[in-house]
Number of protein chains: 2
Amino acid sequence: MRPPYGVGMASSIPPLRPAIDRTAPEFSPVRERLWRQVLGECLRGIRHERGEKLSETASRAGVSPQYLSEIERGLKEPSSEMIAAVAGALDVTLVDLTLAVAESLRPAQHSVSRGATCSAATAYALAA
Amino acid sequence: MRPPYGVGMASSIPPLRPAIDRTAPEFSPVRERLWRQVLGECLRGIRHERGEKLSETASRAGVSPQYLSEIERGLKEPSSEMIAAVAGALDVTLVDLTLAVAESLRPAQHSVSRGATCSAATAYALAA
DNA sequence: CTGTCGGCTTCGCGTAGAGCAGAACCAGTC
DNA sequence: GACTGGTTCTGCTCTACGCGAAGCCGACAG
């Protein structure tokens, strides 16, 4: 990533578009989780439940494995077309995926162990 | 937007990142609706139910009115931070917003009249 | 021990598009 | 006519999308 505008000068000039903070929020309970992060968790959860490899899903979705890895870790903001493509590659509908994201966003989930923050069971059951 | 690379030459050089097709799908029932479009409808639906003006919501969310207009019409892909900001400005949680999007994505909604494609009632009731 | 493989991640890059400001346009109301 | 609310257009800056190349790590074989 390029240095933000004004690096090397006094930091009195804000960037025109704020740089996206990619700090993983799961280590900061005060920070609310962002949509892309939860989406990524759900996608990875569904993929694991399907026993799929990252490279397989990526190939079927028509994206690079590197990129899918980044999407899954909430590092990138995929376009709606990309979301649809990955969902299709995982044989899950956009409805069920969105529901899984919503379920995973629920505050009650925050007290669940960190390793299972995406409730993919709903998406899985509906898609099966 | 800048002309794609290679404009003025033979169109044998594909763009490095495929240009996003912004054709409105509501005029093409064969085309599945994209996440950003449904999101936008939901945001506008919620805003209308709150009796809010676009400029008010935009100001509170910290975005320009032009941009919020584009988001609501599914023309732009807002970042997760932007989504959170607009949701906050509308006093709706990300959970409820996501649920509203999911509800609106359900196939059963497709036979509803075009003017009320976003089921914001869920989001409204939960946020009230 | 070394070498290979599989699965995933990191790095760096070109350019698409996010997000905005200013101006103009459109429709409705008084 | 003026005003309001929203949309469209134009052009701009520069962030970050999406990917190729390379790297990391664990497991396994010889």
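Sequence lines set the chain letters: A, B, ... in the order given, protein chains first and strands last, and positions in each chain run from 1. We use all heavy atoms of the structure for the numbers below, so side chains are in, but hydrogens, waters and symmetry mates are not. Source: prediction; values computed, not measured.
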Are there any protein N/O atoms within less than 3.5 Å of an N/O atom in nucleotides 22-29 of chain C, and if so, which ones and at what distance?
| residue | atom | partner | partner atom | Å |
| --- | --- | --- | --- | --- |
| C/dG22 | N7 | B/Gln66 | NE2 | 3.4 |
| C/dG22 | O6 | B/Gln66 | NE2 | 3.4 |

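Partners of A/Arg73 under the salt bridge (Lys or Arg N to Asp or Glu O under 4.0 Å) rule, at least two apart in sequence or in another chain, do not exist in this structure. Every residue meeting the side chain to side chain contact (heavy atoms under 4.5 Å, CB included) condition with B/Ala89, not counting sequence neighbours, appears here in chain and number order: B/Thr57, B/Arg60, B/Ala61. In this structure, B/Glu56 has no side chain to side chain donor-acceptor pair (under 3.5 Å) partners at least two apart in sequence or on a different chain. Under the rule for a salt bridge (Lys or Arg N to Asp or Glu O under 4.0 Å), the partners of B/Glu72 that lie at least two apart in sequence or sit in another chain are B/Arg44, B/Arg47.
For A/Ser69 and C/dT9, the shortest distance from a side-chain N or O to OP1 or OP2 is below 4.0 Å. Put simply, B/Arg36 has no side-chain N or O that comes within less than 4.0 Å of OP1 or OP2 on C/dA18. Within the 4.0 Å cut-off from OP1 or OP2 of D/dG6, at least one side-chain nitrogen or oxygen of B/Arg47 is found.
With distances taken from any side-chain atom of B/Lys53 to the nucleotides C/dA18, C/dT9, D/dG6, the minimum falls on D/dG6. Distance from the side chain of A/Glu77 is smallest for D/dC17 among the nucleotides C/dA18, D/dT7, D/dC17. Listed candidates were D/dG6, C/dC20, D/dG18. Nearest to the side chain of B/Met82 is C/dC20.
Applying the ring-ring contact (aromatic ring centres under 6.0 Å, His included) test to every pair with at least one member in residues 33-53 of chain B, sequence neighbours left out, gives these pairs: A/Trp35-B/Trp35.
For B/Lys76 and C/dG17, a side-chain-to-base donor-acceptor distance below 3.5 Å is absent, hydrogens and geometry of angles not being considered.
Residue contacts shown for B/Pro78 are limited to sugar-phosphate atoms, with no base heavy atom under 4.0 Å away.
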